[in-house]
Structure formats: C-alpha cells, structure tokens
Amino acid sequence: MKLKEWPETERPREKLQQLGAAALSDAELIAILLGSGQKGVDVVSYSRQLLATFDGVGPLLCAPAEKLLKYHGIGPARVNQLQVVLELSRRYLQWQLKRGDGFTEPAMVKDYLTTQLRHQSREVFVVLLLDSQHRLLRYEEMFHGTINAAPVYPREVLKMVMQHNAAAVILAHNHPSGIAEPSQADQRVTERLKKALSLVDVALLDHFIIGSGDPVSFAERGLL
C-alpha cells in the first residue's frame, strides 16, 4: 500500500499537523525529512530500515558522508539534509548554553558535547570558556591527536582563557575507541590544568569524556 493510501491518522505529515512533532517516532520524523522512499518501499519503511542499519537516529546523524553514501537510496542531497539537521541541533544547544539555560541541566551540556565530538575519528581536546554567570563564551577545539592521544599544553589553554576573559572553564575530549572511562593520563592532564587555571583564579567546573556510551563527568565521579 502506498503512503497516500494509509489512514490519515497514520501518515507522518498529517500526524505532525494534528499532534505535533513530539508524537512522531524517529522513523516518521526521518520520513518527513527525506520525503520519499525507494521503488517498492514506502518512505516510513525505508526510514525504519535506515535507522536499523545505523543503529538509531544519533549514529545516523553523526555518520560520515562516505558511510552514508554507501547506503542504497542515499545520495549527496540526502547526506546534506542529514548534516543540516545535526548542525542545527548543535547550534540550538549552543544557543541554549550561551543563554545560561543549559547549565541548569547538565544533560544539555553532555548532549551538546556529544553532537560536537562523538563523530570525530581522532581525539579532540575541547575547552568551553564561560563567563562569570557560567554562560558559554566560546567553544574551542584546541588540540587534535591520533586515534588515541591528543597533546595538551596548559600554556595554550591559559592564553585562550585570558584572551576571552573567561571566569570558568569546562574541558572535554573524545575517545574514538568508544570507551569513555578516564585514563590515568586523562586524570593527570586534568590536574595539571586545574592547577594552572587556579593561578589566574579561573575555576575548572568539569571535564567530560565522550565515547560510544554515556559521557563521563569528572565532577560526577568526584575526580575534580
């Protein structure tokens, strides 16, 4: 049965208009984004197959273009659509953090860092610069490394902090291997940066590690 032959209450666009976006499943939302399926496969079924192949909406949106293009029915235009959705999500979360709302909900900070770092194929060390009210001033990818290491230089972090007159800092980096557990090296770097920042009276609020599962917070682990 073609999508237009479905009962009106089951068609994604009609459900969106009647019930709002929150009432739709991931597959229905992706179906509206894509607009059409493939020959012999309606767009909702195609979207379900797509989500199953990529193991959910998060991995789908974070997938690199070369991986997406290998999937039947996805060309450059659809890759662009998916990348736009991810970038809009990043910008929305960043806007929330700049307003200060995000720091009333630590989960929002984790979501923002996850969208920024989980798709990276090499290790990236990030500094979030905050003002005196803990609103986001700047997101800065400061150091890049191989698949399992990124060199971190406290002097460069301090220089960035002073340049933007930051009052507090959150650190973050990803583990491309997928395991988010802090290593001894991670803990040593965190302690070095905490001591360096204290010399200029700047608070280190947290250090997040982004892996394949839930992000790990040093503050929540009692490691700061």
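Just the heavy atoms: all of them, side chains too, but no hydrogens, waters or symmetry mates, feed the values below.
Taking the side chain as every heavy atom from C-beta outward, Phe143 and His173 never approach each other to under 4.5 Å. With a 4.5 Å cut-off on side-chain heavy atoms, Leu50 and Leu34 count as touching. Here the side chains of Glu123 and His175 are in contact, with some heavy-atom distance below 4.5 Å. No side-chain heavy atom of Ile170 sits under 4.5 Å from any side-chain heavy atom of Val126. No side-chain heavy atom of Asp26 sits less than 4.5 Å from a side-chain heavy atom of Leu60. Side chains of Val169 and Leu128 form no contact here, defined as non-hydrogen atoms less than 4.5 Å apart. Residues Leu130 and Leu137 have side chains not in contact (no heavy-atom distance under 4.5 Å, counting atoms from C-beta outward). Put simply, the side chain of Glu140 does not reach to within 4.5 Å of the side chain of His164, judged on heavy atoms.
Side chain of Glu28 to main chain of Ser25: a donor-acceptor pair is present (N/O by atom type, distance under 3.5 Å, no hydrogens or angles). No donor-acceptor distance shorter than 3.5 angstrom exists from the side chain of Asp206 to the backbone of Ser217, with no hydrogens or angles considered.
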Chi angles and distances behind the side-chain contact (heavy atoms from CB on, under 4.5 Å) call for Ile209, Asn174: CA-CA 5 Å; Ile209 301 179; Asn174 63 317; over 6 Å; no

Intermediate values then yes/no, side-chain contact (heavy atoms from CB on, under 4.5 Å), Leu82 and Leu33: CA-CA 8 Å; Leu82 294 169; Leu33 178 69; 3.8 Å; yes

Candidate pair Phe218 and Leu204, rule side-chain contact (heavy atoms from CB on, under 4.5 Å), full reasoning: CA-CA 11 Å; Phe218 275 54; Leu204 176 57; over 6 Å; no

Full working for salt bridge (charged side-chain N to carboxylate O under 4.0 Å, His left out) between Glu87 and Arg90: CA-CA 5 Å; Glu87 185 58 30; Arg90 288 191 184 118; 3.0 Å; yes

side-chain contact (heavy atoms from CB on, under 4.5 Å) assessment of Leu193 paired with Val152: CA-CA 9 Å; Leu193 287 170; Val152 177; 3.9 Å; yes

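Pairing each heavy atom of Gly75 with each of Leu69, the nearest pair is C-CD2, 3.6 Å. Looking at every heavy atom in both residues, Gly35 comes nearest to Val43 through C-CG2, 4.1 Å. Taking both residues in full, the closest heavy atoms of Val202 and Ala166 are given as CG2-O, 3.6 Å, listed atom of the first, atom of the second, then distance. Nearest approach of Ala196 to Pro154, heavy atoms of both residues: CB-CB, 4.3 Å. Residues Pro215 and Arg118 come closest through the heavy atom pair CD-NH2, 4.5 Å. Closest approach of Gly56 to Pro59, counting heavy atoms only: O-CD, 3.5 Å.
Taking hydrophobic clusters as Ile, Leu, Val, Met, Phe, Trp and Tyr residues chained together by side-chain heavy-atom distances below 4.5 Å, Val84 does not share a cluster with Leu61. By the criterion of side-chain heavy atoms lying less than 4.5 angstrom apart, applied directly or through intervening Ile, Leu, Val, Met, Phe, Trp or Tyr residues, Leu88 is not grouped with Val79; the two fall into different hydrophobic clusters. Taking hydrophobic clusters as Ile, Leu, Val, Met, Phe, Trp and Tyr residues chained together by side-chain heavy-atom distances below 4.5 Å, Val127 shares a cluster with Met160. Following chains of ILVMFWY side-chain contacts shorter than 4.5 Å, one cannot reach Val161 starting from Tyr139, and the two form parts of different hydrophobic clusters. Criterion: ILVMFWY side-chain heavy atoms under 4.5 Å apart, direct or through other members. Under it, Leu113 and Met142 are not part of a common hydrophobic cluster.
Residues His207 and Asp186 have side chains that never bring a donor and an acceptor to within less than 3.5 angstrom of each other. In summary, the side chains of Thr114 and Asp111 do not present any donor paired with an acceptor at a separation below 3.5 Å, with no hydrogens or angles considered.
Of the inter-residue distances, the one linking Arg78 atom CZ with Ser36 atom OG reads 4.5 Å to the nearest 0.5 angstrom. The CG atom of Leu158 lies 15.0 Å from the OH atom of Tyr153; values are rounded to the nearest 0.5 Å. Arg91 CZ to Leu86 CG: the interatomic distance, rounded to the nearest 0.5 Å, is 11.0 Å. Between the CG atom of Asn165 and the OG atom of Ser132 there is a distance of 9.0 Å, given to the nearest 0.5 Å.
Under 4.0 Å is where a charged nitrogen must lie from a carboxylate oxygen, and between Lys194 and Glu191 no such pair does.
Here Leu16 is tied into one hydrophobic group with Leu24, Leu29, Ile32, each link being a pair of ILVMFWY side chains closer than 4.5 Å.
Residue pairs meeting the side chain to side chain donor-acceptor pair (under 3.5 Å) criterion with at least one member in residues 43-65, sequence neighbours excluded: Asp42-Ser45. Listed by first then second residue, pairs satisfying salt bridge (Lys or Arg N to Asp or Glu O under 4.0 Å) with a partner in residues 210-224 read Lys110-Glu220, Glu181-Arg221, not counting sequence neighbours.
In the displayed structure, Ile179 atom CD1 is contacted under 6.0 Å by at most 12 heavy atoms of other residues, nucleotides or ligands.
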